S.K.: 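Questions regarding the structure given below will be posed in turn.
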2 protein chains.
Amino acid sequence: MESRRATIKDVAEAAGVGVATVSRVLSGGSASPETRERVLAVAAHLDYRPSALGRNLRQRRTGGMGLFVPDLTDTFYGQLAEGVLACARSAGEPVVLGSTGDDPEQEAELVGMLLEQGVDRVIAVPSGGTDTWGPAIKAGMTVVFADRLPSDAPTDAGPGARLGSLSGSPSDEGSGAATVSDLMMLDGLPPASRARPLDVPAVLADDRAGIRTAVRYLRGLGHRRIAFLGGPGHGRRVAAFREAVGAPVDEDLVVFATGSRDSAYAAASGLFQSRPDLTAVVTGGNVLGEAAVLAARELDLRVPRDVSLVMYDDVPWAELCSPPLTVIAQPGRDMGYRAAELMLRAGSRRPRSVLLPTELIVRGSCGPRH
Amino acid sequence: MESRRATIKDVAEAAGVGVATVSRVLSGGSASPETRERVLAVAAHLDYRPSALGRNLRQRRTGGMGLFVPDLTDTFYGQLAEGVLACARSAGEPVVLGSTGDDPEQEAELVGMLLEQGVDRVIAVPSGGTDTWGPAIKAGMTVVFADRLPSDAPTDAGPGARLGSLSGSPSDEGSGAATVSDLMMLDGLPPASRARPLDVPAVLADDRAGIRTAVRYLRGLGHRRIAFLGGPGHGRRVAAFREAVGAPVDEDLVVFATGSRDSAYAAASGLFQSRPDLTAVVTGGNVLGEAAVLAARELDLRVPRDVSLVMYDDVPWAELCSPPLTVIAQPGRDMGYRAAELMLRAGSRRPRSVLLPTELIVRGSCGPRH
DNA sequence: CGATTCCATGGAAACGATTCCATCATGGTT
DNA sequence: AACCATGATGGAATCGTTTCCATGGAATCG
């Protein structure tokens with residue numbers, strides 16, 4: 001009793017028309033009212049649903065889009081993914097997911113798989129650099145970056161970058177308009193001094209403003225020895241940190257971990273032990289914030305009495321911590337949603353980049369210097 | 001300079017053979033050594049990669065699998081997804097992701113989309129019941145459930161269910177072997193008294209043992225009025241709770257929320273306010289645990305002094321809470337990995353279901369009754 | 001040595017859609 | 001009345017692969 005799906009041919013025969021006509025009716029082409037009606041009726045009766053397989057082959061491209069994130073266990077990327085999915089669903093497009101683990105090699109492999117599948121659009125939180133994404137783009141992919149730029153891209157949007165409006169509807173494209181190469185123009189260095197830029201739109205948070213606000217806030221509390229705890233992809237954030245702290249930067253206070261929780265913990269712990277004189281830490285992501293809290297507790301450092309903490313990303317559990325964590329919030333879901341929007345529009349208008357605002361949410365993890 | 005991808009025809013011509021031969025060589029069919037070598041060389045030189053589009057059309061099915069989770073913002077499902085992705089990657093299969101928001105309607109829509117795409121395998125944390133999944137299976141889909149069973153399935157694996165071994169390799173299939181209908185046999189009710197069962201393999205945690213352990217633990221601390229805070233899909237857990245508590249169950253102490261964080265908070269807050277006499281709460285998921293902590297704090301209930309708390313799911317932030325949360329841990333990543341394994345094996349052997357062990361991790365959120 | 005088997009091989013037919021193009025009818029214009 | 005523009009329509013080509021089948025040569029067996 002396993003009847004297979006009806007094909008366009010079945011519908012054509014049942015309706016007494018040619019397959020071309022059926023196709024036209026179903027995709028909005030011209031047809032006489034009575035034919036249209038009959039075809040529609042037959043199609044509905046046969047429960048006909050066009051096979052994406054046939055269509056894709058003919059059109060030499062699969063619908064849908066890829067989505068690459070470093071780690072779904074990181075709540076922020078979960079939020080971002082939800083945003084992408086929400087937008088994709090409203091457009092009826094499938095999303096094929098890849099988790100890169102912050103490994104450029106895995107990422108490249110995933111790109112290859114998408115290419116093979118005929119998926120030519122991808123939203124990526126990139127792990128690799130131009131050597132991964134250049135070829136992908138030359139192979140005909142439409143790429144939108146989210147949350148970060150490839151590691152060898154410029155690290156900051158520069159002083160001139162404007163904020164994307166957050167208040168407008170999600171589809172509001174108003175301000176915040178710049179491609180990656182536009183963004184590169186603004187950082188003061190002549191483009192020629194860099195590798196040829198990828199002309200790829202991106203949806204980023206205004207890390208620069210976020211970090212600056214956090215550092216100023218800590219400064220205002222009297223902190224002078226402020227550390228930065230970063231991870232992969234936090235290049236723009238650490239650059240902003242350096243700028244906000246101002247020269248000379250105490251390089252021992254800038255520490256990096258790889259993507260894993262273990263590494264994050266080790267980095268945090270190492271930082272606290274090697275520099276007991278630091279009084280405040282800014283972390284570049286929530287996994288690092290988690291690690292910092294854990295390491296501090298292990299070393300009997302009290303937050304915020306002994307060390308103040310500002311974490312990037314506002315995640316639900318930040319409020320549950322004790323003390324509740326002061327964070328730099330970035331709109332993860334929006335970021336995903338707008339990236340997907342950009343992707344879907346990519347055909348018509350030339351997509352522009354977006355810079356979303358961040359917000360310092362003061363809770364209880366920062367106090368005056370002691 | 002946009003050269004499109006080489007096709008099998010290009011390779012055939014360049015190698016001076018027919019397309020059939022190329023196809024055979026590339027898919028391991030028989031061919032003479034020298035032909036094979038030549039074809040392989042040409043293919044490599046042309047950077048040929050077979051298009052999944054053509055293959056899928058011919059074979060009337062897309063490779064890869066779907067993955068449906070209720071909410072990627074819930075860390076547990078992030079873990080589960082990572083597990084699925086890990087297994088899929090090792091098999092070179094794409095994963096198309098859907099987030100159902102615990103809404104059967106959205107879920108059904110997503111099933112339709114998969115069908116259209118020719119994806120005929122899906123791993124699902126189901127939101128809908130037999131009315132969604134029955135048709136999907138009849139349409140030829142291979143389905144594996146993870147974390148829960150459809151809402152109208154029996155709520156418990158029953159006393160006879162055995163644990164899947166966790167100690168073995170991930171591919172160890174050893175114990176824990178039962179299909180959903182097997183599991184249904186064990187709960188004491190004759191199968192005839194239920195709707196026709198879906199014969200679908202599932203990977204579940206041993207909720208029954210997990211909840212029982214937690215309740216016994218709380219009992220041991222002197223608690224008598226223990227509440228259960230559940231959400232969608234926690235049917236098996238609440239059933240286990242009822243069983244563990246034993247009749248008569250105080251129905252006011254069993255409260256349900258929908259999937260959203262707001263609803264979870266409202267339910268928790270309502271529970272605490274309506275029954276100030278309760279001394280302990282078990283939550284059916286981490287989002288509900290989060291809500292319980294928040295609601296307790298808002299109402300000036302101290303954990304564990306005023307109320308003890310056991311949360312389902314061990315998530316990284318459970319340890320960061322203050323006090324650190326006592327949890328029922330279930331192996332989210334393993335669950336995803338094994339579900340994907342089951343899916344991939346589905347062709348050969350008849351897939352069996354798996355019951356994974358849970359573990360009570362005692363931290364600081366439970367104390368003696370006051 | 002003839003017959004049978006076996007293997008490598010290439011041509012061609014699927015798979016299910018879109019889309020180009022030719023055909024035909026219709027109606028309006030010169 | 002001849003002609004042209006318009007619009008609906010169906011046939012057939014196409015996308016890139018797999019797979020069926022026929023062919024031909026070589027090798028094995030009787």
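In this text the structure is predicted, and so the values were computed from the model without any measurement. Letters go in sequence order (proteins before strands), and every chain restarts at 1. Quick note: numbers below take in every heavy atom, side chains included, and nothing from hydrogens, waters or symmetry partners.
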S.K.: Please list, in numerical order, the residues of residues 35-42 of chain B that have a heavy atom closer than 4.0 Å to any atom of DNA chain C.
M.R.: B:Thr35
S.K.: Can you tell me the distance, in whole Å, between the CD atom of A:Glu13 and the P atom of C:dG16?
M.R.: 13 Å
S.K.: Return the angle between end axes of the helix from C:dC1-D:dG30 to C:dT30-D:dA1, with five pairs used per end and rounding to 10°.
M.R.: 50°
S.K.: Considering residues at least two apart in sequence or located in another chain, which fulfil the salt bridge (charged side-chain N to carboxylate O under 4.0 Å, His left out) criterion with A:Arg121?
M.R.: A:Glu93
S.K.: Mind checking salt bridge (charged side-chain N to carboxylate O under 4.0 Å, His left out) for A:Asp103 and listing every partner two or more places apart, or none if nothing turns up?
M.R.: none
S.K.: Pick base, sugar-phosphate or nothing for A:Leu57, based on heavy-atom distances below 4.0 Å to the nucleic acid.
M.R.: base
S.K.: Would you say B:Arg55 reaches D:dG16's phosphate, i.e. side-chain N/O to OP1/OP2 under 4.0 Å?
M.R.: no
S.K.: Side chain to side chain donor-acceptor pair (under 3.5 Å): which pairs involve residues 46-57 of chain A, sequence neighbours left out?
M.R.: A:Arg49-B:Glu116
S.K.: Let me check something: any side-chain donor-acceptor pairs from residues 104-112 of chain A under 3.5 Å, sequence neighbours excluded? List them with distances.
M.R.:
from	atom 1	to	atom 2	distance (Å)
A:Gln106	OE1	B:Arg89	NE	3.3
A:Gln106	OE1	B:Arg89	NH1	3.1
A:Gln106	OE1	B:Arg89	NH2	3.2
A:Glu107	OE1	A:Ser127	N	3.4
A:Glu107	OE1	A:Gly128	N	2.6
A:Glu107	OE1	A:Trp133	NE1	3.3
A:Glu107	OE2	A:Ser127	N	2.7

S.K.: Write down the distance between CZ (A:Arg61) and P (C:dT18), rounded to a whole number of angstrom.
M.R.: 13 Å
S.K.: Without decimals, in angstroms, what is the distance between A:Arg60 CZ and D:dT14 P?
M.R.: 12 Å
S.K.: Please identify each residue that fulfils salt bridge (charged side-chain N to carboxylate O under 4.0 Å, His left out) with A:Asp71, with sequence neighbours left out.
M.R.: none
S.K.: Reckon A:Ile8 touches a base, only the sugar-phosphate, or nothing at all at heavy-atom distances under 4.0 Å?
M.R.: base
S.K.: Do B:Phe145 and B:Val125 come within less than 4.5 Å of each other through their side chains, counting heavy atoms only?
M.R.: no
S.K.: According to salt bridge (Lys or Arg N to Asp or Glu O under 4.0 Å), does anything in residues 127-137 of chain A pair up with another residue at least two apart or in another chain? List the pairs.
M.R.: none
S.K.: Give the nucleotide from the list D:dT17, D:dT9, C:dA17 with an atom nearest to the side chain of A:Pro50.
M.R.: C:dA17
S.K.: Assign a letter to each nucleotide of nucleotides 19-28 of chain D from its 5' end: B, base within under 4.0 Å of a protein heavy atom; S, sugar-phosphate only; -, no contact.
M.R.: BB--------
S.K.: Measure the distance from CG on A:Asn56 to C1' on D:dT17 and round it to the nearest whole Å.
M.R.: 14 Å
S.K.: Just checking A:Gly118: base, sugar-phosphate only, or nothing, at a heavy-atom cut-off of under 4.0 Å?
M.R.: nothing
S.K.: Below the 4.0 Å mark, does D:dA8 have OP1 or OP2 next to a side-chain nitrogen or oxygen of A:Ser30?
M.R.: yes
S.K.: Would you call B:Met141 and B:Leu115 a side-chain contact if the rule is heavy atoms closer than 4.5 Å?
M.R.: yes
S.K.: Measuring only between side-chain heavy atoms, which start at C-beta, is A:Leu204 closer than 4.5 Å to A:Asp147?
M.R.: no
S.K.: Whole angstroms only, please: what is the CG-C1' distance between B:Leu53 and C:dA17?
M.R.: 11 Å
S.K.: Got a sec, which residues hit salt bridge (charged side-chain N to carboxylate O under 4.0 Å, His left out) with B:Asp120, two or more places apart in sequence or on another chain?
M.R.: B:Arg61
S.K.: Return the value, rounded to whole Å, for the distance between atom CD of B:Gln117 and atom P of C:dA17.
M.R.: 13 Å
S.K.: Of all residues at least two apart in sequence or in a different chain, which pass the side-chain contact (heavy atoms from CB on, under 4.5 Å) check with B:Gln79?
M.R.: A:Thr73, B:Thr75, B:Phe76, B:Pro316
S.K.: I'd like a table of donor-acceptor pairs (distance under 3.5 Å, sequence neighbours excluded) in which one partner is a side-chain atom from residues 33-44 of chain B, with atom names and distances.
M.R.:
from	atom 1	to	atom 2	distance (Å)
B:Thr35	OG1	B:Ser32	OG	2.6
B:Arg36	NH2	B:Gly29	O	3.4
B:Arg38	NH1	B:Ala15	O	2.4

S.K.: Please work out if B:Gly18 contacts a base, only the sugar-phosphate, or nothing of the nucleic acid, heavy-atom cut-off 4.0 Å.
M.R.: sugar-phosphate
S.K.: In whole angstrom, what separates B:Arg5's CZ from D:dT17's C1'?
M.R.: 12 Å
S.K.: Rounded to whole angstrom units, what separation is found between the NZ atom of B:Lys9 and the P atom of D:dC15?
M.R.: 7 Å
S.K.: By nearest heavy atom, map B:Ser32 and A:Thr7 onto DNA chain C; which one lands nearer the 5' end?
M.R.: B:Ser32
